[in-house]
*Asks:* 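Have a look at the structure that comes next, please.
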Amino acid sequence: MIVASLPATSKADGDHRTHSTQFLSPTPVPESKRVKSIGGLGLVPEPTIMLDYHTGPVMTGRDEMIKLFVIYYGDFSKKQRSTLRHFFKSFWHPDVQLPESHPTVEKWWQITRAYVDLYNRPVSRSIVAAGEVFDDYSLGKDLNQSNIQSLVVDHMDKFGIDARSIYLVLTSEDVLVEKFCMNVCGTHFYTFPSDDTTNQMVPYGWVGNPAEQCPELCSWPYAPGGFLSNALIPPNGDAGIDGMIITIANLLAGIATDPYGNGYSQADGLEAAGVCQGIYGKNSFSGFPGELLVDKHTGASFNAYGVSNTKYLVPWIWNPLTLNCAGQV
């Protein structure tokens, strides 16, 4: 777990801690792919990936649902907002039926159901988009992590305050955020009890659009890097937004399984999707995302379908039942 102390904001008294989720860079070799030479006789896989459980809660939501509240900070086009909304709807949409053979965002999310708390209660079955708000640079274009907390707490007046929900700040490509592109593509935190949060510890996160600032880090494989000299074609025609979706998926899995930094994580802070860093399909290796589906009309690469036949790339998640990274249940 990576924990760093930040100054408290005017909206949240006391300690404010961050639990940074680091991922997406194609350079490091995932644990499941690391090999070593033994006496020059060959390559032997290292031990299986493991995530430690630190006895804390997971997000069980309410009535098998985790509500998601989204803050769009900065300039997002209608098409960008539409792409993101469709992705959020893809976690659970009973009116849409796809062939059983189709990999879906919903079946990807069901892997998190294998993460349970001390009372054997699993992560909620679905995430449901429950509200959104648009913020026109109220805090400027250069934010620190405490500003992210302030945005979340400020907009709770509209959303309501609920520790069983997730609050997500999305910043546009022209917004600078502390740590962005230096060692993270997104972060998730939680507020300590205060009057502003009705004494609740509320999980929240932030993801930035990397299109202009670091596509090679946070939009990979939709930007060159690793063994990819040419970027793959993004399924929604926007490397920045499709890169954000990869990060959002990673972040939501991390929040759901480790909301307060005492759930499921490795000692280095990597969480459910972080330990499968860079793995998006079978036969992946460092710098190569694996075998992906390809849209025959556009040539775009993806690994999961969403509502209205939308297509996305989501990171594989560590499955506690098999002790392996997986893309579908």
Side-chain angles (χ1 to χ4, degrees), residues 2-22 67-78 80-81 83-85 88 129-163 165-198 200-215 217-219 238 240-241 243-245 247-248 251-252 254-255 259:
I2 301 171
V3 180
S5 296
L6 290 178
T9 69
S10 59
K11 280 290 187 176
D13 297 331
D15 291 337
H16 169 229
R17 299 181 181 178
T18 72
H19 186 173
S20 303
T21 44
Q22 304 185 45
K67 290 183 178 181
L68 177 67
F69 298 102
V70 182
I71 301 165
Y72 292 91
Y73 187 89
D75 186 16
F76 288 86
S77 70
K78 287 184 178 180
Q80 289 175 330
R81 294 196 300 268
T83 298
L84 291 163
R85 286 168 181 156
F88 296 138
E132 63 180 26
V133 68
F134 306 102
D135 189 306
D136 189 21
Y137 306 103
S138 64
L139 299 180
K141 294 186 177 182
D142 191 349
L143 308 180
N144 58 37
Q145 293 295 334
S146 289
N147 292 146
I148 301 298
Q149 185 189 34
S150 294
L151 287 169
V152 171
V153 175
D154 286 345
H155 290 295
M156 283 180 178
D157 291 341
K158 174 179 178 179
F159 297 140
I161 304 170
D162 183 13
S165 298
I166 295 175
Y167 299 77
L168 182 63
V169 178
L170 304 178
T171 52
S172 58
E173 61 190 81
D174 57 341
V175 177
L176 302 176
V177 179
E178 179 188 8
K179 298 184 179 182
F180 187 37
C181 296
M182 297 176 64
N183 62 346
V184 298
C185 303
T187 52
H188 74 81
F189 325 128
Y190 53 93
T191 63
F192 273 55
S194 71
D195 290 342
D196 293 305
T197 61
T198 61
Q200 297 184 65
M201 294 173 65
V202 181
Y204 66 94
W206 152 77
V207 176
N209 185 334
E212 295 295 330
Q213 299 180 50
C214 58
L217 175 65
C218 298
S219 282
D238 187 325
I241 295 298
M244 287 186 79
I245 286 170
T247 306
I248 291 167
L251 193 80
L252 292 177
I255 295 175

*Asks:* Decide yes or no for F159 and K67: does some side-chain heavy atom of the first lie under 4.5 Å from some side-chain heavy atom of the second?
*Replies:*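 The answer is no; the side chains never approach within 4.5 Å.
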
*Asks:* Considering non-hydrogen atoms only, spot the tightest contact between I71 and V152 and give its length.
*Replies:*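 Smallest interatomic distance, heavy atoms only, reads CD1-CA, 3.9 Å.
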
*Asks:* Ion pair present between R85 and E132, side-chain N to carboxylate O less than 4.0 angstrom?
*Replies:*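 Judged by the 4.0 Å cut-off on N to carboxylate O distance, R85 and E132 do form a salt bridge.
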
*Asks:* What I'd like to find out is whether the side chain of V184 reaches to under 4.5 Å of the side chain of W206, using heavy atoms alone.
*Replies:*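 A side-chain contact under 4.5 Å exists here.
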
*Asks:* Does the side chain of S138 reach to within under 4.5 Å of the side chain of L151, using non-hydrogen atoms?
*Replies:*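 The answer is yes; the side chains approach within 4.5 Å.
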
*Asks:* What closest approach, in Å, do A163 and Q200 show between heavy atoms, and which atom pair accounts for it?
*Replies:*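 Taking A163 first and Q200 second, the nearest heavy atoms are N-OE1, 2.9 Å.
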
*Asks:* Say you draw a straight line from OG1 of T247 to CG of L252; how long is it, rounded to the nearest 0.5 Å?
*Replies:*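 So the gap between those two atoms works out to 10.5 Å.
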
*Asks:* Looking at CD1 of I161 and CE of M156, how far apart are the two atoms once the value is rounded to the nearest 0.5 Å?
*Replies:*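 The distance works out to 6.0 Å.
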
*Asks:* Quick one: does I248's side chain get under 4.5 Å of F88's, heavy atoms only?
*Replies:*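 Answer yes - side chains close enough.
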
*Asks:* Could you walk me through whether L176 and Q213 pass the side chain to side chain contact (heavy atoms under 4.5 Å, CB included) check?
*Replies:* CA-CA 9 Å; L176 302 176; Q213 299 180 50; 3.4 Å; yes

*Asks:* Roughly how far, to the nearest 0.5 Å, is SG of C218 from CZ of F180?
*Replies:*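 Rounded to the nearest 0.5 Å, the CZ-SG separation comes to 5.0 Å.
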
*Asks:* In Å and rounded to the nearest 0.5 Å, what is the CG to NE2 distance from L168 to H188?
*Replies:*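 Interatomic distance, L168 CG to H188 NE2, rounded to 0.5 Å: 12.0 Å.
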
*Asks:* Taking ring-ring contact (aromatic ring centres under 6.0 Å, His included) as the definition, give me every residue that meets it alongside Y72, ordered by chain and number, with sequence neighbours left out.
*Replies:*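 Testing Y72 for ring-ring contact (aromatic ring centres under 6.0 Å, His included), a comparison that skips the adjacent residues, returns F76, F134.
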
*Asks:* Pairs in or reaching into residues 136-146: which pass salt bridge (Lys or Arg N to Asp or Glu O under 4.0 Å), with residues at least two apart or in two chains?
*Replies:*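 Sorted pair list: K141-D174.
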
*Asks:* Within the 4.5 Å heavy-atom criterion, are D238 and T83 side-chain neighbours or not?
*Replies:*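 Sidechains of T83 and D238: no contact.
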
*Asks:* When you compare the side chain of Y137 with that of V175, does any pair of heavy atoms fall below 4.5 Å?
*Replies:*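 V175 reaches Y137 side chain to side chain.
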
*Asks:* As a quick check of understanding, evaluate disulfide (SG to SG under 2.5 Å) for C185 and C214, giving each step before the final call.
*Replies:* CA-CA 9 Å; C185 303; C214 58; 5.8 Å; no

*Asks:* Which heavy atom of Y167 sits nearest a heavy atom of G160, and at what distance?
*Replies:*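 The answer is OH-O, 2.6 Å.
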
*Asks:* Can you tell me how far apart OG1 (T197) and CG (D162) are? Round to the nearest 0.5 Å.
*Replies:*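 It is 11.5 Å, given to the nearest 0.5 Å.
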
*Asks:* State, yes or no, whether a side-chain contact exists between Q149 and F189 at a heavy-atom distance under 4.5 Å.
*Replies:*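 In short, these two side chains do not touch, never coming nearer than 4.5 Å.
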
*Asks:* What's the shortest heavy-atom distance between I255 and P203, and which atoms?
*Replies:*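 I255 and P203 have their closest heavy atoms at CG2-CB, 3.9 Å.
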
*Asks:* Is P210 close to E173 at the side-chain level, that is, under 4.5 Å between some pair of heavy atoms?
*Replies:*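 E173 does not reach P210 side chain to side chain.
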
*Asks:* Using only atom types and a distance under 3.5 Å, with no angle test, would you say the side chain of T171 pairs donor to acceptor with the backbone of Y73?
*Replies:*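 No, T171 side chain to Y73 backbone: no donor-acceptor pair under 3.5 Å.
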
*Asks:* Atom NE2 in H155, atom CG in D135: separation rounded to 0.5 Å?
*Replies:*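 With rounding to 0.5 Å, NE2 (H155) is 4.0 Å from CG (D135).
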
*Asks:* Starting from the C-alpha separation in whole Å, work towards a yes-or-no answer on side chain to side chain contact (heavy atoms under 4.5 Å, CB included) for N209 and L170.
*Replies:* CA-CA 8 Å; N209 185 334; L170 304 178; over 6 Å; no

